[in-house]
Protein chains: 2
Amino acid sequence: MAVRLDEIDVQLLNELQQDADRSNLELARIIGLSPAATLNRVRRLKKSGVIRTISARLDPGQAGFPLQVYVSATLTRHEPRASRVFEQAVLAIPQVIAADWVAGEIDVMLLIVARDVAELQHVLTQLSLKGAQRLTTLLRLQEIKPTSPLPLTSSPEN
Amino acid sequence: MAVRLDEIDVQLLNELQQDADRSNLELARIIGLSPAATLNRVRRLKKSGVIRTISARLDPGQAGFPLQVYVSATLTRHEPRASRVFEQAVLAIPQVIAADWVAGEIDVMLLIVARDVAELQHVLTQLSLKGAQRLTTLLRLQEIKPTSPLPLTSSPEN
DNA sequence: GATGAAATAGCATTTGC
DNA sequence: GCAAATGCTATTTCATC
């Protein structure tokens, strides 16, 4: 499941998680490797799937979404069919910007953004219609810690 | 608070949220703008703060963290001092990869990764020691929807 | 099996419009 | 915002460890 990473891979991944908006040359200088080797490693990390994407992270508030909420819910029915209906709804609602099945007190955790309360209510209603029950909404007030790099460590050499 | 975005900005942000691993030239071709204009706009979007960072998103499982959990909690005390102690702890614990103050049934929502159950327990203990109460852990089972682009719309022209 | 150095092709970035 | 020009970078190649 997990990919084998040496110290240089870890260094590269840390740098890229922090800031991927740098040239390969700059990255090479930081790591202390030639540009060619750096490029090869980064390519390998992308192909291996450890790096899922390189993407821009926006500030939701600045981008016009003052409301950001965590929504947890259970499903009214737990058959595969009902789950799939719900999943499709989640995928189709653009204000749902992330969603996971979880184990615990509830079944799903969602991250939702909205421009105003009416828009939020509309999304919650949609989710109810698609099988969500006991919707609990937590309004995001303030960021304590922004999405941060994973605390990577290199694999033992064997 | 929110930044003014025209249709081209929205297009650019959508592309960059989806995949920021493309040359400026490629981006320019997609948008139908000259490379110079594209570069200027992207620079502006970065400086404005709408784009917070360009970064690599890793697969936590592949990167060696099979356990990913949502943890919600209340604080034992709600004085500013207690909150700051807790915030500092959260910032200092590397397995906490995101955290927010929220309004609702609980006070904070955390996203935590761990290599195994022992590591997870250690983090939860730390949080308790720093003032977290009623810790509720939700084990992430399966992704329904990966972190997705914000459903941006351009600002009215006035 | 991966690295480094050198070479080429391509891109980022600037300038003037 | 565009087009052209310059300088730098990505990327390949190939010898090497």
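Here the structure is a predicted model, which means the values were calculated and not measured.
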Sugar-phosphate, base or nothing in reach of B:A36, heavy atoms under 4.0 Å: base
Where chain B begins and ends its contact with DNA chain C, read 5' to 3' at 4.0 Å from heavy atoms: C:dC11 to C:dT14
Results of salt bridge (charged side-chain N to carboxylate O under 4.0 Å, His left out) for A:R29 - residues two or more places apart only: none
Whether A:Y70 and B:Y70 hold their rings parallel, tilted or perpendicular, with breakpoints at 30° and 60°: perpendicular
Do side-chain atoms of [X] reach the backbone of [Y] as a donor and acceptor pair under 3.5 angstrom?
X: A:K145; Y: B:I93; value: yes
X: B:Q17; Y: A:L58; value: no
X: B:D100; Y: B:V102; value: no

A:L152 and A:D9: CA distance, side-chain angles, deciding distance, side-chain contact (heavy atoms from CB on, under 4.5 Å) verdict: CA-CA 10 Å; A:L152 304 171; A:D9 291 328; over 6 Å; no
Members of residues 38-47 of chain B that approach DNA chain C, where some heavy atom sits under 4.0 Å away: B:L39, B:R43
Within residues 10-31 of chain B: residues closer than 4.0 Å to DNA chain C (heavy atoms): B:S23, B:N24, B:L25
Listed partners of B:T153 passing side chain to side chain donor-acceptor pair (under 3.5 Å), at least two apart: A:R115
Sole candidate of A:D59, A:D19, A:D21 that passes salt bridge (charged side-chain N to carboxylate O under 4.0 Å, His left out) when paired with B:K46: A:D21
Exceeds 12 heavy-atom contacts within 6.0 angstrom, atom CD of A:E105: no
A:T76: side-chain contact (heavy atoms from CB on, under 4.5 Å) partners, not counting sequence neighbours: A:Q133
